[in-house]
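Down below is the structure, laid out as structure tokens.
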Amino acid sequence: GLEETLCTARVRQNIDNPRRADIYDPQAGRFTTLNSLTLPIFGQVRLSAARGILNRNWGVVPKWCMNAHSFIYVTKGSAQVQIVNHEGETILDQQVQEGQLFLVPQNFAVVKQAGDQGFEWVEFNTNENAMFNTLSGRTSTLAGLPADIIAASYDLSSSKAQSLKQNMNSVWFYQASSSSPWSSSSGR
Amino acid sequence: QSPNECQFRQINAFEPTLRIQAEGGVTEFWDPYNQQFQCGGAHLYRHIIQPRGLLLPSYTNAPLVAYVQQGQGEFGIVVPGCAETYQSFQQSEQQGGSSFLDRHQKIGSYKQGDIIVFPESAVHWLFNSGNEQTVLIVLQDTSNDANQLDANPLRFFLAGNSQQSQGSSQQGQREQGRKQGQREQGQREQGQHGGKQELMTERLREQLGYNGNILAGFDVQIVKDALNTDMETAQKIVGERSQEDRGHIITVDRDLQLIVPSSSSSSSRSEEQHQTRKQGGGSSN
């Protein structure tokens, strides 16, 4: 009956508590998700949410959401964000500020790099179990490809392709170099 | 869809009408704007991949079901969260140990008559290692619940050239916008004088993502940092250093060292030779 499902359903869950972080790096930041597994009511409404904190000069590796659109609202700080569509066009390339909202369409690739004050955001995903696929990192798509497929695809030597795979140590975050156009020291 | 759009009074059979040519093969589309196919909620196309042709790693906005009409080769699907369960070692005689050559997710082989399912948004690639061309009939189910984008059969390539890779992202974007305007102007003019087929093909290539490399949309420095690599490699990855447009299917000149399990004793001799050539060193699953 309805009273056994919706009426008593838990509808609230704190997402700010650092102890609940799903991905955490004391230097880079953290990322916390809420979905139908952690808050079952999301299964009814077919939505999910996430909270991200990114420290200065750290970024989230390029990634795409496999099964949802993501609406991202900036709660604090700023970040340089690039979103790329299927044609390889950069459809967003700007510094987003506190109070701003932007959409990352399903399957579109996005990269975020925090500004001087860091970057904090909350995101709403249009699937109860939003799944992300990363383009770099230890668990990324590139890590799962044979080195020689990478070599052939990008015209690299086999050894270069292997070292490319081996050098991807992180999973979710990357550190911006000082020469990065978005780095706070470069003054872009 | 309008209420009466799918009330069929006649069904027709069609040949593919649009071709996207690449270095190592061609993809032929049945008109994605055909009303009958649009009512079916899915799109079909045919990859024809020449020997040693590699369909570059890409993912799609909807699940695919493919039928191998002809040919044989290898394919891989990279599923997020899955381990790299295929790994190979190189024996080091001096140190008496072994070191990793490579490890990657499970790959499969295909042959004529196979059905292959490629889940939506999962990166996949396909390599024709046989002696004849591979013909793959593919259905892309754009009306599937998994697709929250529009009904176009989009493909997101992780490699290859992109028009935008010619300059910095912002500059490229402005340039692309200008080019787009010129193209549309040109299309209007040329459309009046014929050449409709070529224009439709070019439009299709752009709209569906067959001339794109999504990594080219990112700043090359960001790609370098994110991949923890050098600038030259990053430039190659975003397609900046490549002078020629090889398309979405490229020809691979070198021998690919893919990790493939040994054939069983019931396999044919030719298959065993085929596997050995690809395998190189020792491997384990």
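Computed from a prediction, not measured in an experiment: that's the story for all the values here.
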Selection from [options] maximising heavy-atom pairs under 4.5 Å formed with chain B:
{"options": "Leu142(A), Thr134(A), Asn167(A), Asn169(A)", "answer": "Asn167(A)"}
{"options": "Pro62(A), Ser163(A), Pro105(A)", "answer": "Pro62(A)"}
{"options": "Asn127(A), Thr139(A), Thr141(A)", "answer": "Thr141(A)"}
{"options": "Leu156(A), Ile83(A), Ile150(A), Val61(A)", "answer": "Leu156(A)"}
{"options": "Ser159(A), Ala151(A), Gly137(A), Gly59(A)", "answer": "Ala151(A)"}

Kindly indicate, with the supporting measurements, whether the criterion salt bridge (Lys or Arg N to Asp or Glu O under 4.0 Å) is fulfilled by Lys165(A) and Asp102(B). CA-CA 9 Å; Lys165(A) 290 180 69 174; Asp102(B) 189 20; 2.9 Å; yes
Is chain A contacted by the side chain of [X], its backbone, both, or neither, given a heavy-atom distance below 4.5 Å?
{"X": "Tyr59(B)", "value": "side chain"}
{"X": "Ser58(B)", "value": "neither"}
{"X": "Leu227(B)", "value": "both"}
{"X": "Asn147(B)", "value": "both"}
{"X": "Leu158(B)", "value": "both"}
{"X": "Arg254(B)", "value": "side chain"}
{"X": "Glu232(B)", "value": "neither"}

Report the relative orientation of the aromatic rings in His86(A) and Phe156(B); use parallel for angles under 30°, tilted for 30 to 60°, perpendicular for over 60°.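 His86(A) vs Phe156(B) ring planes: perpendicular.
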Flag the one option from [options] with the top tally of heavy-atom pairs under 4.5 Å to chain A.
{"options": "Thr60(B), Leu54(B), Asp225(B), Val79(B)", "value": "Asp225(B)"}
{"options": "Thr233(B), Leu215(B), Leu56(B), Thr229(B)", "value": "Thr233(B)"}
{"options": "Ile107(B), Leu208(B), Val252(B)", "value": "Leu208(B)"}
{"options": "Asp230(B), Val223(B), Asp253(B)", "value": "Asp230(B)"}

If you measure from [atom1] on [X] to [atom2] on [Y], what distance do you get to the nearest 0.5 Å?
{"X": "Leu154(B)", "Y": "Phe108(A)", "atom1": "CG", "atom2": "CZ", "result": "7.0 Å"}
{"X": "Leu149(B)", "Y": "Asn107(A)", "atom1": "CG", "atom2": "CG", "result": "6.0 Å"}
{"X": "Gln113(A)", "Y": "Asp219(B)", "atom1": "CD", "atom2": "CG", "result": "9.0 Å"}

Let's go through Phe218(B) and Asp93(A) carefully: what are the C-alpha distance in whole Å and the side-chain angles of both, what is the deciding distance for side-chain contact (heavy atoms from CB on, under 4.5 Å) to 0.1 Å, and is it a yes or a no? CA-CA 9 Å; Phe218(B) 294 124; Asp93(A) 182 10; over 6 Å; no
Are any side-chain N or O atoms of [X] and backbone N or O atoms of [Y], one a donor and one an acceptor, separated by less than 3.5 Å?
{"X": "Ser136(A)", "Y": "Ala226(B)", "answer": "yes"}
{"X": "Gln148(B)", "Y": "Asn67(A)", "answer": "yes"}
{"X": "Asp148(A)", "Y": "Gln257(B)", "answer": "yes"}
{"X": "Asn228(B)", "Y": "Met168(A)", "answer": "no"}
{"X": "Lys236(B)", "Y": "Asp155(A)", "answer": "yes"}

Nearest heavy atoms of Ile149(A) and Leu258(B), plus distance in Å: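 For Ile149(A) versus Leu258(B), the nearest heavy atoms are CG1-CD2, 3.9 Å.
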Residue pair Ser153(A) / Ile250(B): nearest heavy atoms and the distance that separates them: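 Nearest heavy atoms, Ser153(A) then Ile250(B): CA-CD1, 4.2 Å.
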Between Gln221(B) and Ser177(A), is the side chain to side chain donor-acceptor pair (under 3.5 Å) condition met? List the steps. CA-CA 8 Å; Gln221(B) 182 71 42; Ser177(A) 62; 2.9 Å; yes
The single option from His104(B), Gln105(B), Glu74(B), Arg103(B) passing side chain to side chain contact (heavy atoms under 4.5 Å, CB included) against Pro146(A):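 Output: one option passes, namely His104(B).
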Region of [X] that comes under 4.5 Å of a non-hydrogen atom in chain B:
{"X": "Ser170(A)", "answer": "neither"}
{"X": "Val60(A)", "answer": "neither"}
{"X": "Tyr174(A)", "answer": "side chain"}

Side chains of Ser121(B) and Asn133(A): does their closest heavy-atom pair fall under 4.5 Å?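 In short, these two side chains do not touch, never coming nearer than 4.5 Å.
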Heavy-atom neighbours of Glu23(B) CD exceed 12 at 6.0 Å: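 Counting neighbours around CD of Glu23(B), more than 12 heavy atoms of other residues, nucleotides or ligands fall under 6.0 Å, so yes.
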